Amino acid sequence: MKEYVVAILGATGAVGQRLIKELAQANIPIKQVKLLASKKSVGKKLKFKNQEIIVEQAQPDSFTGVDIVLSSAGGAISKKLLPEAVKRGAVCVDNTSAFRMAENVPLVIPGVNDQQLAYHQGIIANPNCSTIQMVAALYPLHKRWGIKQVVVSTYQAVSGAGKKAWDEMLGQAQARLDNQQMAATILPTPAAKKHYPLAFNLLPQIDIFEADGYTHEEWKMIHETKKILFNDQDSNQIKVTATCVRVPVEIGHGEAVYFILQDKQVTVKEIQAEIQKTAGLILQDDFKKQLYPQPLQIAGKRETFVGRIRADQENLGAFHMWVVADNLLRGAATNTVEIAECLVRKNLVRVPNI
């Protein structure tokens with residue numbers, strides 16, 4: 001059995017550390033693990049299983065002899081280093097937005113469209129965290145009955161904006177409790193002209209605004225969904241729209257998903273049954289017992305949780321549901337490692353023409 005050399009790029013970050021833990025439990029025969037990060041992290045020691053590994057500086061030659069790269073170091077780093085890794089024969093699974101919309105880069109959720117892995121040119125993109133959990137929940141319904149339209153409103157945890165944003169929110173909360181002014185320097189996005197506190201607040205802006213008034217996060221959910229389901233980011237086979245909101249929750253994105261099925265005769269019980277039998281989905285849906293997914297309860301879990309499934313009383317074939325997942329695991333590290341497992345299982349850990 002072939003054993004693989006796996007590099008984790010961005011190993012010291014929040015997602016990177018979860019990648020290490022997920023990789024330790026993955027069904028991948030591992031010969032060696034390399035942990036790569038920026039110069040300031042060089043020399044740090046991190047554990048993989050029972051082994052201490054010293055963090056190395058990420059540079060082109062770091063990928064010599066590497067078979068698989070799991071990357072979560074930011075888009076700019078991915079654009080700079082992953083092509084270098086591919087040149088050296090590594091297959092890269094990238095957790096940033098750097099390559100998601102590239103025509104020759106598969107955008108993959110295992111169990112949904114992993115057949116696209118066969119066409120990779122050395123780089124595979126992990127979708128946006130909010131897209132992953134929504135599409136994972138919708139896909140079994142789409143596969144059986146067809147989905148015509150999706151309207152989603154997200155309630156996204158601060159950890160999706162990085163550790164600095166997370167720490168700043170906690171500082172704001174303490175300042176508010178101490179009757180002090182809340183400082184804001186990061187959210188809604190560092191590049192914004194204005195910054196607002198997230199503690200005790202809601203921010204209906206994630207990422208920058210596009211010319212049409214949608215944020216880039218909303219744009220990503222719309223076009224990534226189309227690319228995943230139809231391999232075309234501008235597909236007219238499904239209508240998708242989104243409103244994305246940052247909320248003062250540490251871990252766990254919530255999504256209110258409204259969808260319209262092509263089949264008008266489907267019942268709530270049928271949808272619940274389809275969710276319940278799908279691997280990776282957990283149904284928590286009993287309003288009589290107040291059972292529904294909550295971020296506090298799902299943090300640290302790999303699955304996508306679904307509840308509050310109910311029919312739109314005004315529109316036949318239309319339904320609401322509530323979807324929650326750990327954005328650092330299900331929406332990032334878990335999906336990334338599952339892609340790597342698929343590559344190994346399908347014997348696709350090879351770069352064409354290398």
Side-chain angles (χ1 to χ4, degrees), residues 13-26 72 95 109-112 126-141 150 152-163 165-166 169-170 173 198-199 202 206 217 221 225 242-259 271-310 319-339:
V15 173
Q17 292 182 53
R18 284 164 175 80
L19 281 171
I20 295 171
K21 293 179 181 178
E22 292 294 290
L23 183 62
Q25 301 175 63
S72 188
N95 194 48
I109 302 174
V112 175
N126 194 66
N128 188 32
C129 49
S130 48
T131 304
I132 288 173
Q133 67 186 70
M134 181 183 77
V135 174
L138 289 174
Y139 179 68
L141 315 182
V150 179
V152 59
S153 296
T154 72
Y155 304 75
Q156 293 181 225
V158 67
S159 54
K163 188 177 185 302
W166 186 345
M169 184 196 75
L170 294 177
L198 180 61
L202 300 172
I206 300 179
E217 184 81 359
M221 289 201 73
T225 299
T243 299
C244 295
V245 181
R246 187 75 70 191
V247 300
V249 168
E250 291 182 308
I251 295 174
H253 290 352
E255 296 175 347
V257 183
Y258 178 84
F259 58 97
I271 292 173
Q272 289 172 325
E274 201 67 29
I275 295 291
Q276 197 161 27
K277 73 180 186 181
T278 301
L281 300 183
I282 293 182
L283 183 71
Q284 292 184 338
D285 193 12
D286 188 341
F287 67 88
K288 293 179 181 178
K289 296 180 180 179
Q290 288 184 261
L291 178 64
Y292 38 75
Q294 301 171 53
L296 277 177
Q297 296 175 353
I298 62 84
K301 297 181 180 178
R302 299 180 180 85
E303 299 85 0
T304 298
F305 294 76
V306 184
R308 297 293 321 276
I309 300 170
R310 59 206 188 278
F319 298 85
H320 300 268
M321 69 179 176
W322 172 245
V323 182
V324 180
D326 184 320
N327 51 294
L328 300 178
L329 281 177
R330 176 67 269 163
T334 300
N335 200 74
T336 300
V337 172
E338 286 181 352
I339 291 172

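Predicted model only: the values in this text are computed from it and were never measured. We use all heavy atoms of the structure for the numbers below, so side chains are in, but hydrogens, waters and symmetry mates are not.
Contact check for Asn335 versus Pro110: side-chain heavy atoms found under the 4.5 Å cut-off. Residues Val306 and Pro293 have side chains not in contact (no heavy-atom distance under 4.5 Å, counting atoms from C-beta outward). Side-chain contact check for Thr336 versus Ser72: every heavy-atom pair is 4.5 Å or farther apart. No side-chain heavy atom of Val150 sits under 4.5 Å from any side-chain heavy atom of Met221. Here the side chains of Val324 and His253 are not in contact, with every heavy-atom distance at 4.5 Å or above. Side-chain contact between Thr154 and Val247: absent, with no pair of heavy atoms (C-beta onward) separated by less than 4.5 Å. Residues Glu217 and Gln156 form a side-chain contact, since some pair of their non-hydrogen atoms from C-beta on lies under 4.5 Å apart. Side-chain contact between Ile132 and Asn126: present, with at least one pair of heavy atoms (C-beta onward) separated by less than 4.5 Å.
The side chain to side chain donor-acceptor pair (under 3.5 Å) check on Gln276 picks up nothing, with sequence neighbours excluded. Listed by chain and number, the residues in a side-chain contact (heavy atoms from CB on, under 4.5 Å) with Ala136 are Leu281, Thr304 (sequence neighbours excluded). The salt bridge (charged side-chain N to carboxylate O under 4.0 Å, His left out) check on Glu274 picks up Arg144, Lys277, with sequence neighbours excluded. Legend: residues meeting side chain to side chain donor-acceptor pair (under 3.5 Å) with Lys301, ordered by chain and number and at least two apart, are absent. With sequence neighbours excluded, no residue forms a side-chain contact (heavy atoms from CB on, under 4.5 Å) with Ala273. Remark: Thr225 engages no residue in a side chain to side chain donor-acceptor pair (under 3.5 Å) (not counting sequence neighbours). For the ring pair (Phe, Tyr, Trp, His ring centres under 6.0 Å) test, no residue two or more places apart in sequence or in another chain qualifies with Phe305. With sequence neighbours left out, the side-chain contact (heavy atoms from CB on, under 4.5 Å) criterion links Val112 to Ile109, Val135, Tyr139, Ile228, Leu229. Partners of Arg18 by side-chain contact (heavy atoms from CB on, under 4.5 Å), not counting sequence neighbours, listed by chain and number: Ala14, Ile251, Leu328, Leu329, Ala333.
Sorted by first and then second residue, the side chain to side chain donor-acceptor pair (under 3.5 Å) pairs with a member in residues 279-298 read Gln272-Asp285; sequence neighbours excluded. Within the structure, side chain to side chain donor-acceptor pair (under 3.5 Å) pairs that include any residue of residues 319-328 comprise Ser159-Asn327 (at least two apart or interchain). Residue pairs satisfying the salt bridge (charged side-chain N to carboxylate O under 4.0 Å, His left out) criterion with at least one member in residues 244-256, sequence neighbours excluded, are absent.
The shortest non-hydrogen separation linking Ala332 to Val15 is CB-CG1, 3.9 Å. Residues Gly252 and Ile298 come closest through the heavy atom pair CA-CD1, 4.1 Å. Contact record, Ala173 with Ala199: N-CB, 3.6 Å, taken as the closest heavy-atom pair.
Taking CG from Asn95 and CD1 from Ile339, the interatomic distance works out to 8.5 Å, rounded to the nearest 0.5 Å. Atom CZ of Phe259 is separated from atom CG of Leu138 by 6.5 Å, given to the nearest 0.5 angstrom.
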Start with the C-alpha distance between Glu338 and Arg330, add both sets of side-chain angles, then the distance that settles side chain to side chain contact (heavy atoms under 4.5 Å, CB included), and finish with yes or no. CA-CA 10 Å; Glu338 286 181 352; Arg330 176 67 269 163; 3.1 Å; yes

Full working for side chain to side chain contact (heavy atoms under 4.5 Å, CB included) between Val249 and Leu296: CA-CA 9 Å; Val249 168; Leu296 277 177; over 6 Å; no

